[in-house]
Undergrad: 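A single structure is presented below for examination.
Heavy-atom basis, side chains included; hydrogens, waters and symmetry copies ignored. Keep in mind that what you see is a predicted model, and the values were worked out from it rather than measured.
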Amino acid sequence: MKDLPDGTRTPVIDTSVHIFFRSNDDMRTFLNEPFKSRGIPDAEMDWYGAPGGEYVKGARGPQRGYPGSDPEFVGDQLFGERGVDVAVLHPMTRGILPDRHLTTAVLSAHNDMMVSRWLDSGTHHERFRGTLRVNPEDISGALREIDRLGDHPRIVQLGIPLQSRELYGKPQFWPLWEAAAAANLPVAAHIETGESIGLPPTPSGHPRTYEQYYGFMGLNYIYHLMNMIAEGVFERYPDLKFVWADGGADLLTPFTWRMDTFGRPHLEQTPWAPRMPSDYLPGHIYFVHATIDGPGDAPFGAEWLDFTGKDEMVMFGSSYPHWHGGDIDTLPAALTAEQREKLCWRNAARLYSIDIDAVTAVG
């Protein structure tokens, strides 16, 4: 439970906690040949490094380990110091590698590490939930991974990289979305780390600075989303749910207005998606609320969140241990009590079927 500045308390589900291996050598202990001996990039995203460092102060812990690699220390920070009740873990991997089979092996190793160290053992394992990383460039490998671990009781979603060679509405991805819907697992797209294939974060190429990169990157969520709507993905898979897991909700409203304005007289061109684009948002689309999203602590914060039904879509995520990690204290003061509850825990509890009363009783 989190004590708020106004004297009230709220449960907190942190929907974006980034976890890592201790090192590349540590990761290799979870790999088999022929992949164990392959050259594999590091976790650092050096092509756009944050000017002040990637991680929050103190994230390495007393043992000076890699940030986000020690379940005990991370749990103590989240559940003890930050007032979090449940944390949804997102393994940060090595990006899109040229060899899709190597990418799948690396993702599988991260999944095994997450399950063995975070979900099945340790002081805090009952309060962690997991994201199963799958490779959309290797559909058969992704489906095998869902069959292998998708029914784990504390795995609550699939994870894919935001960076992609193709928009996620394209038909080659449909078998993965079908499997996700059948398994009742939302799909979370997150900016990927790693020194892998550095796809440009804008359609016009690479910006010069980190600030430009971070500001522009959220647009790619909207590109994927609008393509999925236009290609009829949510019409084809009515139970599919997507989480845009590193911000971008503040971009949703103007782009949806534009899509609806264009779509109204041209729906006959997409008979496989016969409804207005905005009609596909409720029940399908969620955003992790990032620190740079929205108008900040403005008096119209509640009105902004109400536009396009965003108050039913946004979920708090700290992005711990990364530098831009947010906190409940930084949410706009103008939010209504109901909006704050939805953002802090209600939307996430509904999406991930988390019994918050049971968790807080144990906590």
Side-chain angles (χ1 to χ4, degrees), residues 1-17 75 77-90 124 126-129 131 154 156-157 184 186 188 221 241-253 256 278 281-320 324-363:
M1 298 286 281
K2 176 74 173 180
D3 294 315
L4 299 176
D6 62 3
T8 61
R9 306 187 76 204
T10 183
V12 177
I13 297 176
D14 189 337
T15 61
S16 186
V17 173
Q77 289 228 306
L78 295 175
F79 307 130
E81 299 179 17
R82 292 173 172 244
V84 173
D85 296 289
V86 178
V88 179
L89 309 174
H90 199 106
H124 307 291
E126 292 187 352
R127 299 173 74 176
F128 289 131
R129 301 295 185 270
T131 300
R154 279 187 283 278
V156 296
Q157 65 185 2
N184 195 30
Y221 293 121
K241 297 176 175 59
F242 245 78
V243 180
W244 308 106
D246 203 22
D250 52 347
L251 304 170
L252 177 67
T253 295
T256 300
S278 58
L281 300 177
H284 291 294
I285 300 304
Y286 296 82
F287 287 86
V288 172
H289 186 80
T291 50
I292 68 169
D293 286 344
D297 195 17
F300 51 85
E303 184 180 12
W304 169 82
L305 193 61
D306 190 55
F307 284 154
T308 330
K310 290 191 295 291
D311 59 340
E312 299 288 344
M313 304 177 200
V314 294
M315 306 181 293
F316 169 72
S318 69
S319 295
Y320 177 94
H324 55 287
D327 191 273
I328 294 299
D329 294 336
T330 64
L331 296 178
L335 297 184
T336 68
E338 182 181 14
Q339 287 176 328
R340 191 177 297 273
E341 282 195 350
K342 288 179 179 179
L343 198 157
C344 289
W345 67 274
R346 285 194 183 277
N347 290 344
R350 182 179 72 249
L351 177 64
Y352 299 128
S353 300
I354 296 173
D355 185 345
I356 197 68
D357 291 331
V359 174
T360 54
V362 173

Undergrad: Could you measure the distance from the CG atom of D311 to the OG1 atom of T336? Nearest 0.5 Å is fine.
TA: 7.5 Å
Undergrad: Which pair of non-hydrogen atoms, one from I13 and one from V88, has the smallest distance, and what is that distance?
TA: CG2-CG2, 4.5 Å
Undergrad: Taking all heavy atoms of I356 and all of P11, pick out the closest pair and write down the distance.
TA: CG1-CB, 3.7 Å
Undergrad: Quick check against the 3.5 Å criterion: does R346 have a side-chain atom that pairs as donor or acceptor with the backbone of Q339?
TA: no
Undergrad: Report the distance from atom CZ of R82 to atom CD of Q77, rounding to the nearest 0.5 Å.
TA: 6.5 Å
Undergrad: Any idea which heavy atoms bring N347 and Y286 closest together, and the distance?
TA: O-CE2, 4.4 Å
Undergrad: Taking the side chain as everything from C-beta on, heavy atoms only, tell me whether H289 gets closer than 4.5 Å to K310.
TA: no
Undergrad: Please identify each residue that fulfils side-chain hydrogen bond (donor to acceptor under 3.5 Å, both in side chains) with E338, with sequence neighbours left out.
TA: none
Undergrad: Kindly indicate whether a cation-pi arrangement holds for R127 with F79, taking the cut-offs as under 6.0 Å to the six-membered ring centre and within 45° of the axis.
TA: yes
Undergrad: Specify the closest pair of heavy atoms between D14 and G317, including all atoms of both residues, with the distance to one decimal.
TA: OD1-CA, 3.4 Å
Undergrad: Minimum heavy-atom separation for S319 and D246, please, with both atom names.
TA: OG-OD1, 3.6 Å
Undergrad: Identify the two heavy atoms, one from P186 and one from L351, that lie closest to each other, and give their separation to 0.1 Å.
TA: CG-CD1, 3.7 Å
Undergrad: Quick check on side-chain hydrogen bond (donor to acceptor under 3.5 Å, both in side chains): which of R129, K241, Q157 does Y352 satisfy it with?
TA: Q157
Undergrad: Quick check: does any side chain N or O of Y221 sit under 3.5 Å from a backbone N or O of A249, one acting as donor and the other as acceptor?
TA: no
Undergrad: If you round to the nearest 0.5 Å, how far is OG1 of T256 from CG of L251?
TA: 10.0 Å
Undergrad: Could you check W244 against M313 for side chain to side chain contact (heavy atoms under 4.5 Å, CB included), going step by step and ending with a plain yes or no?
TA: CA-CA 10 Å; W244 308 106; M313 304 177 200; over 6 Å; no
Undergrad: Residues in side chain to side chain contact (heavy atoms under 4.5 Å, CB included) with V12, at least two apart?
TA: K2, T10, V84, D85, F316, I328
Undergrad: Below 4.5 Å, heavy atoms only, C-beta onward: do M315 and V243 meet side chain to side chain?
TA: yes
Undergrad: With a 4.5 Å cut-off on side-chain heavy atoms, are L331 and C344 touching?
TA: yes
Undergrad: Pick out which of V156, V359, D355, T15 makes a side-chain contact (heavy atoms from CB on, under 4.5 Å) with V86.
TA: V359
Undergrad: Would you say that R340 contacts L343 through its side chain, given a criterion of any heavy-atom pair below 4.5 Å between the two side chains?
TA: no
Undergrad: Report, one line per pair, each donor and acceptor closer than 3.5 Å where one atom sits in a side chain of residues 293-307; sequence neighbours left out.
TA:
unit_1, atom_1, unit_2, atom_2, d
D293, OD1, G248, N, 3.3
D293, OD2, A290, N, 2.9
D297, OD1, A333, N, 2.8

Undergrad: Under 30°, 30 to 60°, or over 60°: which ring-plane class applies to H124 and F128, parallel, tilted or perpendicular?
TA: perpendicular
